[in-house]
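Below: one structure, written as structure tokens.
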Protein chains: 2
Amino acid sequence: MKHTDPIDELRANADRMAAVLRLLANRERLIMLCRLSAGEASVNELVDLTGLAQSAVSQHLGVLREGGAVAVRADAQTRYYRIADDMVRSIFNALCEACGEQSSTGPHNTAA
Amino acid sequence: MKHTDPIDELRANADRMAAVLRLLANRERLIMLCRLSAGEASVNELVDLTGLAQSAVSQHLGVLREGGAVAVRADAQTRYYRIADDMVRSIFNALCEACGEQSSTGPHNTAA
DNA sequence: TACTAATATCAGATAATGTGCATATTAGAA
DNA sequence: TTCTAATATGCACATTATCTGATATTAGTA
């Protein structure tokens, strides 16, 4: 069995973490995730929320989807997105708590 | 008195969060922060740890410094860096915890 | 079948980031 | 002062992200 160099393991972990962080390191995606943390939402709803063009929203969702952060459910033409990764959820929560300590308005007022 | 639109406030919050996340969303910087989460370290030590060129490390530290994630203390020519932001610390902790819990389950679960 | 709504994808322009190398700065030692 | 160690900075180049606008796909409806 191959035992991994501790620094290689650290690197591998850091790589995975950085990938997840990159998914979240964007204002629009954070806003979407904020909404999704309260339950699933359709693309249209996220378009209205963010004020972005539909194609931009779709592309952001594509990034999140390919990164495994969200998953989709289809109902007729409408697609409902939801958060699908626990690491994403816990980073987001940590973020909200840390943010809430400075002002009362973190992106998580409406709970599920 | 201007009352802020909730969406504007959300946007402002998300912007700040995204800025912090961008600081962390890099493998090398995460490795450095991992080391710094155990206490302050000199640039040289971080060079050895990461295996990067000194200038690269210095630039990464510059990014973290300007973003307010770390602070420096000088002792002669040596500069000791340390984590200087609570949000950074709590995101990093959440990350570490989530990473440790990650191994428990299979492909994916359908949460609600 | 033609039409519309909802969403995805592609292509191109632009902006933001990261990387490597050379060089500048700064503090102490000889 | 001159040398060296430790660190920072500037610049050029490659890579990546994000937006826009056009078009494709897919499901339901008239």
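The figures here come from the full heavy-atom set of this structure, side chains too, leaving out hydrogens, waters and symmetry mates. Throughout, a chain's letter reflects where its sequence line sits, starting with A, and its residues are numbered from 1.
Nearest nucleotide to the A:Gln77 side chain, out of C:dA8, D:dT26, D:dA6: D:dT26. Which of C:dA22, C:dA8, C:dT19 sits closest to the side chain of B:Asn26 comes down to C:dT19. When each of D:dT7, D:dA27, C:dT7 is scored by its nearest atom to the side-chain atoms of A:Thr78, the top-ranked nucleotide is C:dT7. Among the nucleotides C:dT17, D:dT7, C:dA8, the one closest to any side-chain atom of B:Ser42 is D:dT7. For A:Val43, counting side-chain heavy atoms from C-beta on, the closest listed nucleotide (D:dT7, D:dT20, C:dT7) is C:dT7.
Rounded to an integer number of Å, the gap from B:Arg79 CZ to C:dG28 C1' is 15 Å. Atom CD of A:Glu66 is separated from atom P of D:dA17 by 11 Å (rounded to the nearest Å). Computed from coordinates, the B:Tyr81 OH to D:dT7 P distance equals 9 Å when rounded to whole Å. Between the CG atom of B:Leu52 and the C1' atom of C:dT17 there is a distance of 15 Å, rounded to whole Å. To the nearest angstrom, P of D:dA8 lies 10 Å from CG of B:Leu46.
Using a 4.5 Å cut-off on side-chain heavy atoms (C-beta onward), A:His60 and A:Met32 make contact. B:Ile31 places none of its side-chain heavy atoms less than 4.5 Å from the side chain of B:Leu46. Between A:Val72 and A:Arg79 there is a side-chain heavy-atom pair separated by less than 4.5 Å.
Looking at heavy-atom distances under 4.0 Å, B:Ser58 makes contact with a base. Using a 4.0 Å heavy-atom criterion, one finds that B:Ala76 contacts the sugar-phosphate atoms exclusively. Among the protein residues, A:Glu28 comes within range of the sugar-phosphate backbone only, with heavy atoms under 4.0 Å from sugar or phosphate atoms but none that close to a base.
Between B:His60 and the phosphate of C:dT19, there is a side-chain N or O to OP1/OP2 separation shorter than 4.0 Å. Residue B:Arg29 places at least one side-chain N or O closer than 4.0 Å to OP1 or OP2 of C:dG18. Side-chain nitrogen and oxygen atoms of B:Asn44 include at least one within less than 4.0 Å of the OP1 or OP2 phosphate oxygen of D:dT7. OP1 or OP2 of D:dA6 has not a single side-chain nitrogen or oxygen of B:Tyr80 nearer than 4.0 Å.
Remark: the backbone N or O of B:Thr50 is paired with a side-chain donor or acceptor of A:Arg11 at under 3.5 angstrom.
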Begin from the C-alpha positions of A:Arg65 and A:Tyr81 and carry the test side chain to side chain donor-acceptor pair (under 3.5 Å) through to its verdict.
CA-CA 9 Å; A:Arg65 207 183 334 113; A:Tyr81 279 84; 3.2 Å; yes

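Along DNA chain D, the nucleotide closest to A:Ala53 and the one closest to A:Asp75 are compared, and the more 5′ of them pairs with A:Ala53.
Between the side chain of B:Gln54 and the base of D:dA6, no donor-acceptor pair under 3.5 Å is found. Contact of A:Gln59 with D:dT20 (side chain to base): a donor-acceptor pair of N or O atoms is detected under 3.5 Å.
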